[in-house]
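Chain naming here is simple, since letters A, B, ... match the order of the sequence lines and numbering starts at 1 in each.
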Amino acid sequence: MKLTDISNDINEWFSGSGPQADIVVSSRIRLARNIAGYKFLSHCSNTEKAEILEKLKNVLMSLELGDKASYICVDKAPTLSRHFLVERHLISRHHAFGKGPRGVVMVQREFFTAMINEEDHLRLQVLKAGCQLSQCAEQINKIDDMIEEKVDFAFSPRYGYLTACPTNLGTGIRISVMLHLPALKMTGQIEKFFNAARAMSLAVRGLFGEGTEASSDLYQISNQVTLGIAESDIIAKFENTIITEIIEYENAARKQLLSRQSNILDDKISRAMALLQNAHLISSQEALFLLSHLRLGINMHKYMGASTPAIEKLYTLCGSGLSDKATPLSIATINRLFMLTLPAHLQMNYGKTLDPTHRDALRAQIIRSALNQDTQPKNS
Amino acid sequence: MQCQICNNNNATIHLTEISDGVRSEMHICENCAAEQDIAVKSHIPINELLSGLLAVQPSDEEISGTADQQIACPNCGFTLAQFRKQGVLGCPYDYEFFEKSLTPLIEKAHDGKTTHCGKLPSKTPKNTRNEIELMNIRQRLEEAVRAEDYEMAAELRDKIKQMEK
């Protein structure tokens, strides 16, 4: 598989589908594992790292993963490809720009990747759209079992699965959900969410890590405790308490916007539409920020039946009108613009590297054309 | 304020150096800082956080002297001094070899928990499975006593007795 085969479309987990997709964008589970009998990577020579890589690559490529698997040698991949894999959340930044022999096994539909020689010998990842943590857990557990039939992992009866960093010790599980929380932000309540997350020992990060949250209203929350609590208990806590409560807060904020602050909501949506439809230079940060407001408008109409002047205009501009749902501007379209206009995606699809100004021009052109194309009447 | 090196970009990094009692200031942009190899920290990296935790929770060995920081794991040659710098361990055996120093850190990172609970490798022998279950019940017993839930503590104590038979 070539990366250009997947670069011109969004992946399944970002399709805007799945349970509670109006707020929960995606669910992800990662497992950290190390092969017994080897040192952790910080103390491995490049020869040992290459040996681990070869061993795990062969095991993973021999598994029945439910989709066509490919291997990418990360240390030899061009810089643009590495940025691209990070943008699609298929590998971590640490893996993309680390040192020594390392690679990734991924399936075509991108629901599963295995980073080899990241911080640990093996980091498995399963990603799904919407709130699907139990389904992610079931799938990653099966894959982990299949690997364990062929490889022995470093394990201690007291500490569980042994990891390079003590913060991942025990289950080695890192659960992460990506949430879209624009209304909490608009109503000035996002700090409450941060405080509640901290009180529950959760880590909060932006779309691509620290500092990126302000631009897209997308937040990733993940567990920090991995020892002394079973995988199923962590998942149940996320599904039954954490996610449920955050959804309740965000929905309350959305209702508050509609009933008491609809001018704020309409202003944000109208400004976003005007800029996205007319700008000739747009940075990646600005695009994420504006598309977030369109996403809110669409979801508030779809899930809450909201119909403010700006939301109606949003749909009219799409050429469908609120009553005719033949060609509404969908979340999938918004997500498509969201992902395909990220810097590495733009350049990968353009076929060469571009300086920031050219990227901003190309990004603006793609968004303008997509949103204005939708204004044309379409035959249903 | 303009960058003092390139005189072009806005200075966003402000450095204060005190050398031999003399204070000097420098205002530079991010690009020049990168060229000068000046690291800008936007958040605390995990290894610093970890070594910070180790530093505030000194073990007996640490109190007795820094020499113990240099004791090397017989398997991989790793030392606690390296852990302070890198935030990662050298090999799985380090968990056993440096257990005394690592336990406070593990407790702090995992809400006071120090024993595994959850998935076991499918090849785990039955007696190891029992051993793990016992450790878990003991930990729950300690928690119950701490919470003064004596009814639960008695139940767990009986379970331990039964399992140890």
Side chain, backbone, both or neither: which part of [X] has a heavy atom under 4.5 Å from chain B?
X: A/L169; result: both
X: A/S232; result: neither
X: A/T226; result: both
X: A/E148; result: both
X: A/A154; result: side chain
X: A/T171; result: both
X: A/D233; result: neither

Worksheet item: Is there a side chain to side chain contact (heavy atoms under 4.5 Å, CB included) between B/K123 and A/E149 once you walk through the steps?
Response: CA-CA 8 Å; B/K123 297 166 195 164; A/E149 279 175 22; 5.8 Å; no
Worksheet item: Should B/E131 and A/R158 count as an ion pair when the cut-off is N to O under 4.0 Å?
Response: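 So B/E131 does not pair with A/R158 through a salt bridge.
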Discussion item. Between B/K119 and A/D145, does any NZ, NE, NH1 or NH2 come within less than 4.0 Å of an OD or OE carboxylate oxygen?
Written reply: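 Salt bridge flag = yes for B/K119 with A/D145.
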Nearest 0.5 angstrom please: [X] [atom1] to [Y] [atom2], how far?
X: B/H116; Y: A/L162; atom1: NE2; atom2: CG; result: 10.0 Å
X: A/C165; Y: B/F83; atom1: SG; atom2: CZ; result: 6.0 Å
X: A/F40; Y: B/C76; atom1: CZ; atom2: SG; result: 9.0 Å

What closest approach, in Å, do [X] and [Y] show between heavy atoms, and which atom pair accounts for it?
X: A/V225; Y: B/A109; value: CG2-O, 4.0 Å
X: A/S42; Y: B/G90; value: OG-CA, 4.2 Å
X: A/Y161; Y: B/L120; value: OH-C, 3.7 Å
X: A/K39; Y: B/N75; value: CE-O, 4.2 Å
X: A/T167; Y: B/H110; value: O-CE1, 3.3 Å

Worksheet entry | Residues of residues 92-104 of chain A within contact distance of chain B, non-hydrogen under 4.5 Å |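 The residues closer than 4.5 Å to chain B amount to none at all.
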Practice prompt. Would you mind checking which part of B/I106 comes under 4.5 Å of any heavy atom in chain A, side chain (CB onward), backbone (N, CA, C, O), both or neither?
Written response: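 Contact with chain A is through the side chain of B/I106 alone.
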Quick check: do [X] and [Y] have side-chain heavy atoms less than 4.5 Å from each other?
X: A/S201; Y: B/D111; answer: yes
X: A/N34; Y: B/P92; answer: no
X: A/H43; Y: B/C91; answer: no

[X] atom [atom1], neighbour heavy-atom count above 12 within 6.0 Å:
X: B/E96; atom1: CD; result: no
X: A/E64; atom1: CD; result: no
X: A/E245; atom1: CD; result: yes

Name the option with the most non-hydrogen atom pairs under 4.5 Å to chain B; the candidates are [options].
options: A/S156, A/C44, A/G170, A/P157; answer: A/P157
options: A/I173, A/D144, A/L41; answer: A/D144
options: A/A36, A/G172, A/A230; answer: A/A230

Item to complete: Among the options B/G77, B/P121, B/G112, pick out the one with the most heavy-atom pairs lying under 4.5 Å from chain A.
Response: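 Ranked by contacts with chain A, first place is B/P121.
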Item to complete: Indicate the ring-plane relationship of B/Y95 and A/Y159, choosing parallel, tilted or perpendicular according to the 30° and 60° boundaries.
Response: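 Tilted: the ring planes of B/Y95 and A/Y159 meet at 30° to 60°.
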